[in-house]
Enquirer: 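Dropping the structure in here first, questions after.
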Amino acid sequence: MPTLPVQHCTLDTRGLPADDPATAAAGVPAPRTATTDTATGGLTSKGPVFMGTGWRITAQFRTYCLSPSQQYLITFPSQALKDRYIPFLTAAVNQLKAIGLNIDFGDIETFDYSVIPPRGHIQYGDVYRPLGTAGTSQGLPCYNRADNSVWGGYARIDSEYWDGSWYLTDTVRKNLLIHELGHTLGLDHPNSDMNSDGIIDRFEVVKDAGVSPTMTSPNGGYQDSRAGTYTTYDLAGFKQLLANAPILGVS
């Protein structure tokens, strides 16, 4: 049984030692929703913001920010998978670099999903039905217990997408692969009860000219040549993850 260091993964934690309740509760800021300054149109808040229009941070997993100084590296379990996935991820990674996230592609390393990945590593690979359901993939962040920044994470892509047993259009495939990357970096599904019926449904989310956030459950994003890039909604969420860092004293 692995021992949890100062970070904790949101992957299935059954069998792992539980967090110390006093440590877990200490220093946890109350969730806040961004409000709009009517004079400037900008978002205002007195503390870290975990939710806004078309985006939501995985605060329930205690990932409150992205460290602007941390080098995040997307690693792969084999050269074959690195060659497969980099073309799908490059445009989105370049968007993240452009907003100030220190992220890049790393090397090949051995994956063991029962232990915490190295700091800053986003381990991106294939798993047959990672959630036990056909056609479903999984992206999860790990949090740093010292400051609640994103430590790293896992993207476990259903191998059925590639062996012909689960059909995906090219557009859905492009958006899905960066959707799971978004989860590893601290973004949740932004679905909300748009029609006030008391139920949050699949695909029920704010849209701009018919375009839903890439992080929509089960899958959203651009449906044209921009597929495989984050929407303005998603980028606003990533920007807030970076903006939360100085508020929380994270360098």
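Residue indices begin at 1 and follow the sequence shown.
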Enquirer: Is F238 reachable from F105 through a run of I, L, V, M, F, W or Y residues, each pair having side-chain heavy atoms under 4.5 Å apart?
Expert: yes
Enquirer: Quick one: does N175's side chain have a donor or acceptor within less than 3.5 Å of a partner on G220's backbone?
Expert: yes
Enquirer: Are L241 and L89 connected, step by step, through hydrophobic side chains (Ile, Leu, Val, Met, Phe, Trp, Tyr) whose heavy atoms are closer than 4.5 Å?
Expert: yes
Enquirer: Does any N or O in the side chain of N244 come within less than 3.5 Å of the main-chain N or O of V49, such that one atom is a donor and the other an acceptor?
Expert: yes
Enquirer: Got a donor-acceptor contact below 3.5 angstrom from the Y161 side chain to the G135 backbone?
Expert: yes
Enquirer: Could you report the tightest heavy-atom contact between M215 and H189, atom names first, then the distance?
Expert: O-CD2, 3.1 Å
Enquirer: Please check: side-chain N/O of H179 versus main-chain N/O of T214, any donor-acceptor pairing under 3.5 Å?
Expert: yes
Enquirer: Do I103 and K97 have side-chain heavy atoms sitting under 4.5 Å apart?
Expert: yes
Enquirer: Just wondering, are more than 12 heavy atoms of other shown residues or ligands nearer than 6.0 Å to CH2 in W162?
Expert: yes
Enquirer: So which atom in F203 and which in T216 form the shortest heavy-atom distance, rounded to 0.1 Å?
Expert: CA-CG2, 3.9 Å
Enquirer: For the pair E204 (side chain) and M194 (backbone), establish whether a donor and an acceptor sit closer than 3.5 Å, ignoring hydrogens and angles.
Expert: yes
Enquirer: Let me know which of R156, K82, R84 forms a salt bridge (Lys or Arg N to Asp or Glu O under 4.0 Å) with D126.
Expert: R84
Enquirer: How about D104 and I74: do any of their side-chain heavy atoms sit closer than 4.5 Å?
Expert: no
Enquirer: Could you check whether any side-chain N or O of D158 sits under 3.5 Å from a backbone N or O of P130, counting only pairs where one atom can act as donor and the other as acceptor?
Expert: no
Enquirer: Grab the two heavy atoms, one from Q123 and one from P118, that are nearest each other, plus how far apart they are.
Expert: NE2-CD, 3.8 Å
Enquirer: Using 0.5 Å steps for rounding, measure from the CH2 atom of W166 to the OG1 atom of T136.
Expert: 6.5 Å
Enquirer: Quick check for you: to the nearest 0.5 Å, what is the distance between N191 atom CG and I200 atom CD1?
Expert: 7.5 Å
Enquirer: If I take atom CD1 from residue I247 and atom SG from residue C65, how far apart are they, to the nearest 0.5 angstrom?
Expert: 9.5 Å
Enquirer: To the closest 0.5 Å, what do you measure between CG (L181) and CZ (F88)?
Expert: 14.0 Å
Enquirer: Give a yes-or-no answer on whether the side chains of T231 and D234 include a donor-acceptor pair shorter than 3.5 Å.
Expert: yes
Enquirer: With the 4.5 Å side-chain cut-off for hydrophobic clustering, are L177 and V172 part of the same group?
Expert: yes
Enquirer: Decide whether L81 and Y128 are clustered together by the hydrophobic rule: side chain heavy atoms of Ile, Leu, Val, Met, Phe, Trp, Tyr closer than 4.5 Å, transitively.
Expert: no
Enquirer: Can you give me the closest heavy-atom contact between H183 and P141, atom names plus distance?
Expert: O-CD, 3.4 Å
Enquirer: Quick check: closest heavy atoms across I157 and S137, and the distance to 0.1 Å?
Expert: CA-OG, 3.4 Å
Enquirer: Using a 3.5 Å distance criterion without hydrogens, assess whether the side chain of S69 forms a donor-acceptor pair with backbone atoms of S251.
Expert: yes
Enquirer: Counting distance only, does the side-chain N/O of Y230 pair as donor-acceptor with the main-chain N or O of I178 below 3.5 Å?
Expert: yes
Enquirer: Is the cationic atom of R145 (NZ for Lys, CZ for Arg) positioned less than 6.0 Å from the six-membered ring centroid of W151 and within 45 degrees of its normal?
Expert: no
Enquirer: Do L101 and Y233 land in one hydrophobic cluster if side-chain heavy atoms of ILVMFWY residues count as linked below 4.5 Å?
Expert: no
Enquirer: Does the gap between the ring centers of F61 and Y143 come in under 6.0 Å?
Expert: no
Enquirer: Where the side chain of D193 meets the backbone of S196, is there a donor-acceptor pair that is under 3.5 Å apart?
Expert: yes
Enquirer: Evaluate side-chain contact (heavy atoms from CB on, under 4.5 Å) for D188 paired with Q60, printing each intermediate quantity in order.
Expert: CA-CA 9 Å; D188 200 355; Q60 74 275 23; 2.8 Å; yes
Enquirer: Considering all heavy atoms of both residues, which atom of L248 and which atom of P48 are nearest to each other, and what is their separation?
Expert: CD2-CG, 3.9 Å
Enquirer: Does any N or O in the side chain of N148 come within less than 3.5 Å of the main-chain N or O of R62, such that one atom is a donor and the other an acceptor?
Expert: yes
Enquirer: If you measure from NZ on K239 to CD1 on I99, what distance do you get to the nearest 0.5 Å?
Expert: 6.5 Å
Enquirer: Rounded at 0.5 Å granularity, tell me how far CD in E180 sits from CD1 in I122.
Expert: 12.5 Å
Enquirer: According to side chain to side chain donor-acceptor pair (under 3.5 Å), does anything in residues 70-81 pair up with another residue at least two apart or in another chain? List the pairs.
Expert: Q70-R119, Q71-N102, T75-E109, Q79-D83
Enquirer: Output, in order, the C-alpha distance, side-chain angles, deciding distance and verdict of side-chain contact (heavy atoms from CB on, under 4.5 Å) for V250 and N144.
Expert: CA-CA 11 Å; V250 177; N144 187 330; over 6 Å; no
